[in-house]
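Encoded as structure tokens, the structure appears first; notes follow it.
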Amino acid sequence: MSTAVYGLVLSGGTSSRMQRDKAALAYAGRRQLERAMSLLERHVARAFVSVRTDQQADALRGQYPQIADTQSGLGPVAGILAAQAQHPGVAWLVLACDLPRLDDATLAHLLSARDPARTATAYRSSQNGLPEPLCAIYEPRSAALLLAHVAAGKPCPRKFLLGSDVKLLDQPAPGALDNVNTPEEYAAVSAGLQDSGASPARRITVQYYALLREQAGRREEPIETTAGSARELYLQLAHRHSFTLAAETLRVAINNEFCDWSSALRPGDVVVFIPPVAGG
Amino acid sequence: MGAAASRFHFTHHDLDTATLRTALADPHCGGFVSFEGWVRDHNEGRRVTHLEYEAFETLAVREGERILREALERYPVARAGCVHRLGTLDIGAVAVWVGVSAPHRSEAFAACRYIIDEVKHRLPIWKKEYYADGDSGWVNCETCAATRAPHAVRHGRS
């Protein structure tokens, strides 16, 4: 059996070209760190935000489990090294936070095509064919190699992948990994993504049963939510109440009927998350 | 045959299986099959002292009625019923009862099997086991956090 995959969203960049915090840039009403985390959480056992130590108290980043850099001035590789040091036994799916076109299909394909026997699994850039280091899976074995690479004065993760035993994949949705570095690129991508629309806050009720009832410490709570779907709501509540059940193990019901995780939430809805059942 | 002949419900009291059986009597039927799920004193190598059942009742009753209707549509049987316990149950107690009456036995067996299998997989019912060592745990839930998705199979939507 291959090792578990944890997820890491890198949010510690200086965003010097954008001249503002990239993690907080919003597309269609959602800040891109939140978008990246909610996407990643659907695909991995646990997801973390990589932060610099001076970002730990930040409200946006504080919503999520964090892993703080232990070295400064190294760029994104510092986040990868810190995550590998904290959980050495797992593979890491590492994502840049500024990939507004990233989609579920791209992450699902990366995970299904993953080869745990290699050092890493990564996509080829759709522009130059080089490995994309910030939407890639780094196997546990890569940790010592990456550390040695950095110790040799080479902190570039792309160059690390170029010199490693990497499984390279073509992107299922070319363009999904195009990142956004300048205000001009932001304006262009933002215009293209607006039609999905921001979710206004709605007042709903969530009811809990069994293990979730015990972990939430209540049977029911009113919630004011901007979550775009039932899945997003669960991920927010799972963080708030430290639920141990992964969304993949649950079903969801709205207004006393089973429904899809992608279902939108309307004002007054009663939402129930259904842990694995054990009748009979 | 049809929805009127089926009934799923919950109870907090001991099941009176003789009465439940009588309710499925039908002059067209030559056979009756029932299944009783009992509380066992062990599970996965641990001594169990008692159980607690909890359900999302509104949805479970709807889904339970749906399962009974499906059984009546799939098999030529006359009547079907299912009752599930809630609350605290001691060892030996009847946790679930399924009964089916039919003109012929093979359909009664098949329909009874279908109902109990679907009930176990589809109804939002949860079981907390209490162990002899003082520990307790929600069955099928306590290991989900560490391993992703292996329990998704328990949520079959067939």
Side-chain angles (χ1 to χ4, degrees), chain A residues 1-7 40-47 65 87 89-91 93 108 111-112 206-215 219-220 234 238 241-261 270-280, chain B residues 8 10 35-39 43 51-64 66-67 82 84-86 94-98 115-129 136-157:
Chain A
M1 201 182 115
S2 59
T3 46
V5 181
Y6 285 4
L40 185 60
E41 282 168 328
R42 296 201 275 270
H43 295 273
V44 296
R46 295 174 70 183
H87 296 278
V90 304
L93 198 176
L111 283 158
S112 67
V206 180
Q207 292 175 346
Y208 299 110
Y209 289 93
L211 184 61
L212 295 180
R213 171 177 54 72
E214 292 181 350
Q215 291 180 340
R219 293 184 178 278
E220 184 173 309
Y234 180 74
H241 295 305
S242 301
F243 290 150
T244 55
L245 294 170
E248 289 72 18
T249 67
L250 307 178
R251 292 184 71 183
V252 59
I254 299 178
N255 302 332
N256 295 319
E257 286 294 353
F258 289 116
C259 61
D260 290 336
W261 279 104
V270 178
V271 180
V272 179
F273 299 107
I274 299 173
V277 302
Chain B
F8 177 93
F10 285 106
F35 172 82
E36 294 179 10
W38 297 353
V39 178
N43 190 26
L51 297 181
E52 261 174 39
Y53 279 103
E54 174 174 338
F56 172 12
E57 290 189 55
T58 312
L59 179 55
V61 168
R62 275 189 195 181
E63 190 75 356
R66 245 177 240 143
I67 290 168
C82 179
H84 204 292
R85 277 292 310 274
L86 293 177
V94 179
V96 60
W97 180 92
V98 178
I115 293 165
I116 185 61
D117 287 351
E118 295 298 306
V119 162
K120 288 176 83 85
H121 287 90
R122 285 164 56 182
L123 299 198
I125 299 172
W126 301 277
K127 173 163 64 179
K128 189 172 191 178
E129 289 180 334
S136 61
W138 291 98
V139 174
N140 295 340
C141 287
E142 303 294 340
T143 56
C144 292
T147 54
R148 209 171 76 92
H151 299 282
V153 64
R154 296 183 205 269
H155 288 303
R157 291 163 196 243

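Residue numbering restarts at 1 for every chain, and letters A, B, ... go by the order of the sequence lines.
The contact between A/A210 and chain B is made by backbone and side chain atoms together, counting heavy-atom distances below 4.5 Å. With a threshold of 4.5 angstrom between heavy atoms, A/E214 approaches chain B through side-chain atoms but not through N, CA, C or O. With a 4.5 angstrom heavy-atom cutoff, B/E52 does not touch chain A via any of its atoms. Both the backbone and the side chain of B/K127 come within contact range of chain A, with heavy atoms under 4.5 Å apart. With a 4.5 angstrom heavy-atom cutoff, B/A60 does not touch chain A via any of its atoms. Heavy atoms of B/Y53 lying under 4.5 Å from chain A belong exclusively to its side chain.
What you find for A/G280 and B/V96 is that their closest heavy atoms are CA-CG1, 3.7 Å. Residues B/H121 and A/V277 approach most closely at O-CG2, 3.5 Å, considering heavy atoms. Closest heavy-atom contact between B/W138 and A/R213: CZ2-NH2, 3.7 Å. Here the closest heavy-atom approach between residue B/N140 and residue A/A278 is recorded as ND2-CB, 3.9 Å. Pairing each heavy atom of A/N256 with each of B/R62, the nearest pair is O-NH1, 3.2 Å.
Taken to the nearest 0.5 Å, the CZ atom of A/R251 stands 8.5 Å off from the CG atom of B/L59. Rounded to the nearest 0.5 Å, atoms CD1 (A/I274) and CG (B/L123) are 10.5 Å apart. Note that CG of A/L211 and CD of B/E54 are 10.0 Å apart. Values are rounded to the nearest 0.5 Å.
Contact of the B/E142 side chain with the A/T244 side chain is not registered, since no non-hydrogen atoms from C-beta on lie closer than 4.5 Å.
B/W126 places no side-chain N or O within 3.5 Å of a backbone atom of A/Y209 that could act as its donor or acceptor partner.
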